Amino acid sequence: MALVCRKDKGKNMVIVLKKNPNESQVENLKNWLAGMNIGIQTIEGEHSVIMGLVGDTSTIEIELIQSLDVVETVKRIQEPYKKANRKFHPSDSVVELDGVQIGGDNFTIMAGPCSVESREQILSIAKEVKSSGAKILRGGAFKPRTSPYAFQGMRAEGIELLLEAKKETGLKIVTEIMEIAQLEYFGDVDIIQVGARNMQNFELLKELGKTGKPILLKRGLSSTIQELLMSAEYVMAGGITM
């Protein structure tokens with residue numbers, strides 16, 4: 001495939017393919033883009049297939065791509081966040097946890113204490129949480145506190161108690177991480193929470209993106225929506241998809 005290109009502003013774009021496109025033509029398009037060092041993320045939605053292009057697409061002529069038989073439409077992405085952009089994945093994201101679904105049309109309750117304080121406490125609360133209809137148990141093992149003298153959580157022991165409650169009740173668990181060094185304790189945790197104070201801890205977010213686990217990202221106390229989406233972009237750039 002030979003294409004004549006012209007300079008155009010913008011670095012990322014999405015290509016929406018027509019329904020039931022010719023596979024050979026799609027493959028030719030992918031090979032041409034790969035030859036230009038353009039990364040391709042293919043998203044198969046319910047009604048369409050989208051190719052998200054990541055890289056310097058400034059030399060790609062939109063009109064030329066649009067003229068291809070397999071292409072329905074082409075859009076530039078102006079927002080700084082790409083992977084966390086609805087244009088990349090217009091369908092609702094649904095997180096699957098062994099039968100428990102989060103997102104889409106599902107209404108999933110996560111409940112539990114602010115912090116894990118004892119075995120008796122977390123086991124009794126876990127049973128109450130399950131009987132009330134919740135699917136996920138939340139509880140803090142590592143706790144961020146304004147005062148250095150306040151209770152900082154049971155830490156690794158708290159994780160062990162959460163895992164015991166998971167085994168006892170069958171509930172999935174979610175708990176907060178504070179720093180990269182704590183990742184070794186989160187191997188069996190179902191969802192890792194990033195608190196408001198750590199929303200822009202970018203080194204931590206990058207490492208969490210490599211875990212393949214669902215990340216519950218909380219918005220910082222004075223952060224904008226765009227800043228929250230850019231933090232999500234850090235996690236997704238590490239490898240997690242929506």
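Small disclaimer: the values here were computed from a predicted structure and weren't measured.
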Do you know which two heavy atoms are closest between [X] and [Y], and how far apart they sit?
{"X": "Lys30", "Y": "Ile40", "value": "O-CD1, 3.7 Å"}
{"X": "Ser58", "Y": "Asp56", "value": "OG-OD1, 2.6 Å"}
{"X": "Gln200", "Y": "Ser231", "value": "CG-OG, 3.9 Å"}
{"X": "Ser222", "Y": "Glu227", "value": "O-OE1, 4.3 Å"}
{"X": "Ile65", "Y": "Ile15", "value": "CG2-CD1, 3.7 Å"}
{"X": "Ser124", "Y": "Glu120", "value": "OG-O, 2.9 Å"}

inquiry  = Under the criterion side-chain contact (heavy atoms from CB on, under 4.5 Å), I'd like the reasoning laid out for Asp69 against Gln25: C-alpha separation, chi angles, the key distance, then a yes or no.
reply    = CA-CA 8 Å; Asp69 291 338; Gln25 292 178 336; 3.9 Å; yes

Under 3.5 Å donor-acceptor, [X] side chain and [Y] backbone:
{"X": "Glu96", "Y": "Val94", "result": "no"}
{"X": "Gln121", "Y": "Ser115", "result": "yes"}
{"X": "Thr169", "Y": "Leu171", "result": "yes"}
{"X": "Arg145", "Y": "Tyr149", "result": "no"}
{"X": "Thr211", "Y": "Lys213", "result": "yes"}
{"X": "Arg138", "Y": "Pro113", "result": "yes"}
{"X": "Glu179", "Y": "Leu204", "result": "no"}
{"X": "Lys82", "Y": "Val54", "result": "no"}
{"X": "Lys218", "Y": "Gln193", "result": "no"}
{"X": "Glu168", "Y": "Glu164", "result": "no"}

Nearest 0.5 Å please: distance from the [atom1] atom of [X] over to the [atom2] atom of [Y].
{"X": "Leu53", "Y": "Thr42", "atom1": "CG", "atom2": "OG1", "value": "9.0 Å"}
{"X": "Lys206", "Y": "Glu203", "atom1": "NZ", "atom2": "CD", "value": "3.5 Å"}
{"X": "Ile159", "Y": "Met154", "atom1": "CD1", "atom2": "CE", "value": "11.0 Å"}
{"X": "Asn201", "Y": "Glu207", "atom1": "CG", "atom2": "CD", "value": "10.5 Å"}
{"X": "Met199", "Y": "Leu228", "atom1": "CE", "atom2": "CG", "value": "5.5 Å"}
{"X": "Ile191", "Y": "Leu216", "atom1": "CD1", "atom2": "CG", "value": "7.0 Å"}

[X] versus [Y]: any side-chain heavy-atom pair under 4.5 Å?
{"X": "Val189", "Y": "Leu162", "answer": "no"}
{"X": "Leu17", "Y": "Val26", "answer": "yes"}
{"X": "Leu208", "Y": "Ile177", "answer": "yes"}
{"X": "Gln152", "Y": "Pro144", "answer": "no"}
{"X": "Ile192", "Y": "Pro214", "answer": "no"}
{"X": "Met36", "Y": "Thr59", "answer": "yes"}
{"X": "Glu44", "Y": "Ile50", "answer": "no"}
{"X": "Val49", "Y": "Ile43", "answer": "no"}

Side-chain heavy atoms under 4.5 angstrom apart, residues restricted to Ile, Leu, Val, Met, Phe, Trp, Tyr: same cluster for [X] and [Y]?
{"X": "Ile225", "Y": "Tyr81", "value": "yes"}
{"X": "Val194", "Y": "Leu229", "value": "no"}
{"X": "Val74", "Y": "Leu29", "value": "yes"}
{"X": "Leu205", "Y": "Leu183", "value": "yes"}
{"X": "Val174", "Y": "Ile125", "value": "no"}

query = Would Arg155 and Gln182 satisfy side-chain contact (heavy atoms from CB on, under 4.5 Å), going step by step from the backbone distance to the final call?
reply = CA-CA 9 Å; Arg155 306 180 72 77; Gln182 295 167 357; 3.9 Å; yes

ask   = Would Met110 and Ile102 count as a side-chain contact (heavy atoms from CB on, under 4.5 Å) if you check the C-alpha gap in whole Å, the side-chain angles of each, and the deciding distance to 0.1 Å?
value = CA-CA 10 Å; Met110 308 181 194; Ile102 306 169; 3.7 Å; yes

request  = Take Thr108 and Asn106, measure what side chain to side chain donor-acceptor pair (under 3.5 Å) needs, and give me the verdict at the end.
outcome  = CA-CA 6 Å; Thr108 306; Asn106 304 287; 5.9 Å; no

Neighbour count above 12 (heavy atom, 6.0 Å) for [X] [atom1]:
{"X": "Tyr234", "atom1": "OH", "result": "no"}
{"X": "Asn31", "atom1": "CG", "result": "yes"}
{"X": "Asp188", "atom1": "CG", "result": "no"}

inquiry  = Taking Asp190 first and then Lys166, would you say they form a salt bridge - that is, a charged N and a carboxylate O separated by under 4.0 Å?
reply    = yes

message = Less than 4.0 angstrom from a charged side-chain N to a carboxylate O is my criterion; do Asp98 and Lys172 meet it?
response = yes

request  = State, without any angle test, whether Arg76 and Thr57 hold a side-chain donor-acceptor pair at a distance under 3.5 Å.
outcome  =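 Note: Arg76 and Thr57 side chains meet the donor-acceptor criterion.
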
Verdict with supporting geometry, Arg119 and Leu123, side-chain contact (heavy atoms from CB on, under 4.5 Å) = CA-CA 6 Å; Arg119 181 177 184 274; Leu123 289 180; 3.5 Å; yes

